[in-house]
Amino acid sequence: MLWPPVCSDTPIERPFVNHDHAIELTLHFTKISDKTHWLFVELTLGDGRKGIGEATLPGKDAQVLAAAQLLADHALQANWRQPSVFATTHPPADLANAAFISAVDHALWDLYAQDAGKSVCQILGGARRPYVPLYANINRRTIERTPAAFAQSACDAMAAGFHAFKIAPFDEVQPGHASLDSACDGIARVEAVRQAIGPERRLMVDCHWRFNEATATELITQMARLDVHWVECPIAESHDNIAALVRLRGRANALGVKLAGLELAIGLDGFMHYVKAGAYDVVMPDIKYFGGLQAMQQAADVFARYDVQLSPHNPTGPVCHAASLQVSAAMSPLDMLELQFDESPLFGALVDGTFTAQASNLSALPLQPGLGVHLNARQLQQLAAQPSSYWRAPVTI
């Protein structure tokens with residue numbers, strides 16, 4: 001007997017798929033190296049289309065998973081035809097929440113733009129520049145932490161076409177350290193890179209909040225001697241330290257050096273106390289933590305009104321890079337976009353899609369609609385740091 005009976009007057013009950021919402025959310029964990037994990041969010045519609053985002057938060061996979069468990073049902077209720085609503089109605093409470101919410105926002109915009117047959121940049125108003133200028137972060141690819149190894153990394157990046165470089169050389173300095181003695185090895189690494197790249201190219205130095213005000217003041221003098229373009233995150237970023245940052249910026253500017261920071265700030269509110277006080281020349285919002293692609297694009301105009309340059313933080317995986325390229329092309333003021341240079345060949349292998357470049361220091365947008373890249377299922381499975389987590393929307397009858 002056929003079931004249900006073909007001649008029955010009884011209505012046949014069929015699952016109803018609402019195509020305005022995703023039916024499945026997946027959080028993928030990939031191991032790139034002993035130090036690096038990249039986390040990706042995937043939203044799947046009932047017809048199989050997928051939107052993707054990146055939720056990488058170094059060293060905090062468990063916290064991002066906890067945020068996903070808290071917010072997954074809300075994400076599955078988000079209407080991808082209104083991609084900005086989810087992020088604006090779910091302000092993040094902390095960085096792990098920000099990473100997951102931002103990744104869902106990326107995926108919603110990806111779906112929306114794919115459906116329109118356009119790039120995310122086009123949906124955000126169109127490209128204000130044909131190519132996005134990049135600088136090479138050569139820190140993680142430098143496994144041997146000698147001055148010579150840093151210099152070789154700089155030479156390799158130059159050979160690939162880059163004109164600007166960043167390192168985080170102060171491995172030996174403990175956070176809040178009161179003496180510059182422990183920074184000697186780091187200064188030697190900066191000297192080696194400056195010698196390798198010559199006097200005309202940009203060199204930026206990331207301190208990862210390791211110094212106090214007095215030591216940072218001394219360090220800035222040393223960095224000015226080496227013609228460093230900016231000193232990044234010299235001291236802890238807190239409201240109590242804003243006055244100290246203003247003083248450090250004044251010292252740096254007097255010596256021809258810029259002060260940069262705020263790579264972990266969440267949303268526009270996370271920046272404005274610092275921006276209004278004049279704490280930084282350059283702010284570095286990260287598309288993974290800002291809380292929304294459109295919100296970050298709009299924030300660029302706010303920063304410009306305060307004569308603050310914008311250089312997005314972007315040292316992680318390929319989906320973050322794709323999203324960062326789309327927004328960087330669409331925003332009005334832009335200095336340069338960071339790229340983690342040559343950390344792993346998996347950067348390209350994890351996604352289907354090509355980052356088209358005019359030269360390594362000038363990147364065009366990917367050619368496909370949406371973010372322009374798609375996760376490679378086989379690579380995700382092979383590189384899994386732990387099993388992927390899945391959430392499914394309830395079936396409506």
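For the side chain to side chain donor-acceptor pair (under 3.5 Å) test with T44, the passing option among E24, R392, K50 is K50; the others fail. Exactly one residue among T316, D286, N137 makes a side-chain contact (heavy atoms from CB on, under 4.5 Å) with E338. That residue is N137. Applying side-chain contact (heavy atoms from CB on, under 4.5 Å) to S324 and the options I287, L293, L339 leaves one that passes, I287.
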| request: Step by step, work out the side-chain contact (heavy atoms from CB on, under 4.5 Å) result for C121 and Q326. | output: CA-CA 5 Å; C121 177; Q326 298 287 346; 3.2 Å; yes
| request: Go through the steps to decide whether L375 and V319 satisfy the test side-chain contact (heavy atoms from CB on, under 4.5 Å), and finish with yes or no. | output: CA-CA 8 Å; L375 291 170; V319 177; 3.9 Å; yes
| field | Stepwise side-chain contact (heavy atoms from CB on, under 4.5 Å) test for S363 and L325 | value | CA-CA 8 Å; S363 178; L325 282 173; 3.7 Å; yes
| Are F165 and F341 close enough, and set up right, to give a side-chain contact (heavy atoms from CB on, under 4.5 Å), and what steps lead you there? | CA-CA 9 Å; F165 313 85; F341 172 68; over 6 Å; no
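Note that CD of E232 and OH of Y280 are 9.0 Å apart. Values are rounded to the nearest 0.5 Å. The distance from atom CZ of R210 to atom CG of D171, rounded to the nearest 0.5 Å, is 6.5 Å.
R249 has its side chain within reach of D281: a pair of non-hydrogen atoms, C-beta onward, lies under 4.5 Å apart. Side-chain contact check for L226 versus L203: every heavy-atom pair is 4.5 Å or farther apart. Between T30 and L350, the closest side-chain pair of non-hydrogen atoms falls below 4.5 Å. For the pair N139 and F150, the minimum side-chain heavy-atom distance is below 4.5 Å. Side-chain contact between P234 and L248: present, with at least one pair of heavy atoms (C-beta onward) separated by less than 4.5 Å. Looking only at side-chain heavy atoms (C-beta outward), W109 and Q294 come within less than 4.5 Å of each other. In this structure the side chain of I187 reaches within 4.5 angstrom of the side chain of M223, judged on heavy atoms. Looking at heavy atoms from C-beta onward, F162 lies out of side-chain contact with I138 at the 4.5 angstrom threshold.
In F303, the CZ atom is crowded: over 12 heavy atoms of neighbouring residues, nucleotides or ligands sit closer than 6.0 Å. Crowding of Q195 atom CD: a count of heavy atoms from other residues, nucleotides or ligands under 6.0 Å not exceeding 12. Heavy-atom contacts from other residues, nucleotides or ligands closer than 6.0 Å to CD of Q298 number more than 12.
Ion pairing between a basic and an acidic side chain is recognised when a charged N comes within 4.0 Å of a carboxylate O; R145 and D185 show no such pairing. Salt-bridge check for R202 with D335: passed, with a basic side-chain N closer than 4.0 Å to an acidic carboxylate O.
Residues V373 and I52 come closest through the heavy atom pair O-CD1, 3.3 Å. Summarising the geometry of N253 relative to K258, their closest heavy-atom pair is ND2-CA, 4.0 Å, with the distance given to 0.1 Å. Y274 approaches H239 most closely through the heavy-atom pair OH-N, 3.8 Å. Across all non-hydrogen atoms, the minimal contact from A87 to G292 is CB-CA, 4.3 Å. Across all their heavy atoms, D206 and F170 have their closest contact at O-CD1, 4.1 Å. Shown here for S328 and L334, the closest heavy-atom pair between the two residues is O-CD2, 3.7 Å.
Using modelled atom types, no side-chain atom of S102 and backbone atom of A99 make a donor-acceptor pair closer than 3.5 Å. A donor-acceptor pair under 3.5 Å is absent between the side-chain atoms of T56 and the main chain of W38, judged by distance alone. Of the possible donor and acceptor atoms, one in the side chain of R128 sits under 3.5 Å from a partner among the backbone N and O of A330. Counting only distance, with no hydrogens or angles, the side chain of E218 and the backbone of L180 share no donor-acceptor pair below 3.5 Å.
Between W230 and Y135, the gap from one ring centroid to the other is short of 6.0 Å. Taking the six-membered ring for Trp and the full ring otherwise, H313 and Y289 have centroids separated by 6.0 Å or more.
No hydrogens or angles considered: a donor-acceptor pair under 3.5 Å links the side chains of E42 and H28. In this model, no donor atom of one side chain and acceptor atom of the other lie less than 3.5 Å apart for N241 and E237. Side-chain N/O atoms of R225 and Q222 include a donor and acceptor closer than 3.5 Å. T215 and N212 form a side-chain donor-acceptor contact under 3.5 Å, judged by distance and modelled atom types alone. A donor and an acceptor atom, one from each side chain of Q152 and D156, are located under 3.5 Å apart. Counted by atom type alone, T221 and R251 present one or more donor-acceptor pairs between their side chains at under 3.5 Å.
Judged as a side-chain hydrogen bond (donor to acceptor under 3.5 Å, both in side chains), and not counting sequence neighbours, the contacts of D181 are S179.
Relative ring orientation between F271 and F290 is described as tilted, the plane-to-plane angle lying within the 30° to 60° band.
Hydrophobic clustering (side-chain heavy atoms under 4.5 Å, transitive across Ile, Leu, Val, Met, Phe, Trp, Tyr) keeps L259 apart from M336. L337 is not connected to V282 by any chain of hydrophobic side-chain contacts under 4.5 Å among Ile, Leu, Val, Met, Phe, Trp and Tyr, and they are in different clusters. A single hydrophobic cluster is not seen to contain both M204 and L134; linkage of ILVMFWY side chains at heavy-atom distances under 4.5 Å, directly or through other members, places them apart. L371 and L367 fall into different hydrophobic clusters, where Ile, Leu, Val, Met, Phe, Trp and Tyr are joined by side-chain heavy atoms under 4.5 Å apart, directly or via other members. In this structure, I266 is not a member of the same hydrophobic cluster as M284, with clusters built from ILVMFWY side-chain heavy atoms closer than 4.5 Å.
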